[in-house]
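Step one of this worksheet: look at the structure below.
What you see is a predicted model; the values in this text were computed from it and never measured.
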Amino acid sequence: MPTVPFQTILIVDDLPENLTVLSELLHPYYRVRVATSGEKALRIVGQPNYPDLILLDVMMPDMDGYQVFERLRANPATSNIPVIFVTAMDSVESELHALDVGAVDYITKPIVPSIVLARIRTQLELKQARDRLTDQNTWLEAEIAKRLAENELIQEVSIRALAHLAEIR
């Protein structure tokens, strides 16, 4: 099902039964990590091998999903990880708020497995495309810098050659 094997999804939820349902759904297709609190999620994400996608519950004790999301976005290393809120809050206002703050999607509980898989697959494909574009832009910027340096060198050599010719005449 996934286009790239070994993509990692971090599931953050304070209820073990929700973690179990999502883990069992995703485990055949993705590498799954779980966190039972916002603090644990931030510790996991703070280590190398960042997840490719985060499924984040909104209603959790101590630190809610929006606070976790805010901290993720404040860190340059984690600011580009796509986040899907998965929550029992099913009001239009809640969904709009999540999307307004920057979540890539919003899924209400109880989940529909086929829809969850489709939305995750879509977001992971978008992330891959963004990552490829970022890599290509980095390469292009380096190539432009290299060619500009070559042009400057050619220009300098040409000026010296013309100056030398002028001296000879």
Do [X] and [Y] have side chains that get closer than 4.5 Å, going by heavy atoms?
{"X": "N18", "Y": "K109", "value": "yes"}
{"X": "Q128", "Y": "Q7", "value": "yes"}
{"X": "L55", "Y": "L10", "value": "no"}
{"X": "V12", "Y": "M60", "value": "yes"}
{"X": "I84", "Y": "L53", "value": "yes"}
{"X": "T78", "Y": "R73", "value": "no"}
{"X": "L162", "Y": "I159", "value": "no"}

Criterion salt bridge (charged side-chain N to carboxylate O under 4.0 Å, His left out) on E39 and R71, from CA distance to verdict: CA-CA 10 Å; E39 284 295 331; R71 300 237 331 242; 3.6 Å; yes
F6 and Y30 aromatic centres sub-6.0 Å: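 Judged by ring-centre distance (under 6.0 Å), F6 and Y30 do not meet the cut-off.
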Which residues share a salt bridge (charged side-chain N to carboxylate O under 4.0 Å, His left out) with D14, sequence neighbours left out: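 Partners of D14 by the salt bridge (charged side-chain N to carboxylate O under 4.0 Å, His left out) criterion come out as none, since no residue qualifies.
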Check: E125 side chain, T122 main-chain N or O, donor-acceptor pair, under 3.5 Å: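 Not a single qualifying donor-acceptor pair exists.
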No-hydrogen, no-angle side-chain donor-acceptor test under 3.5 Å, S94 and S91: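 Yes, a side-chain donor-acceptor pair sits under 3.5 Å.
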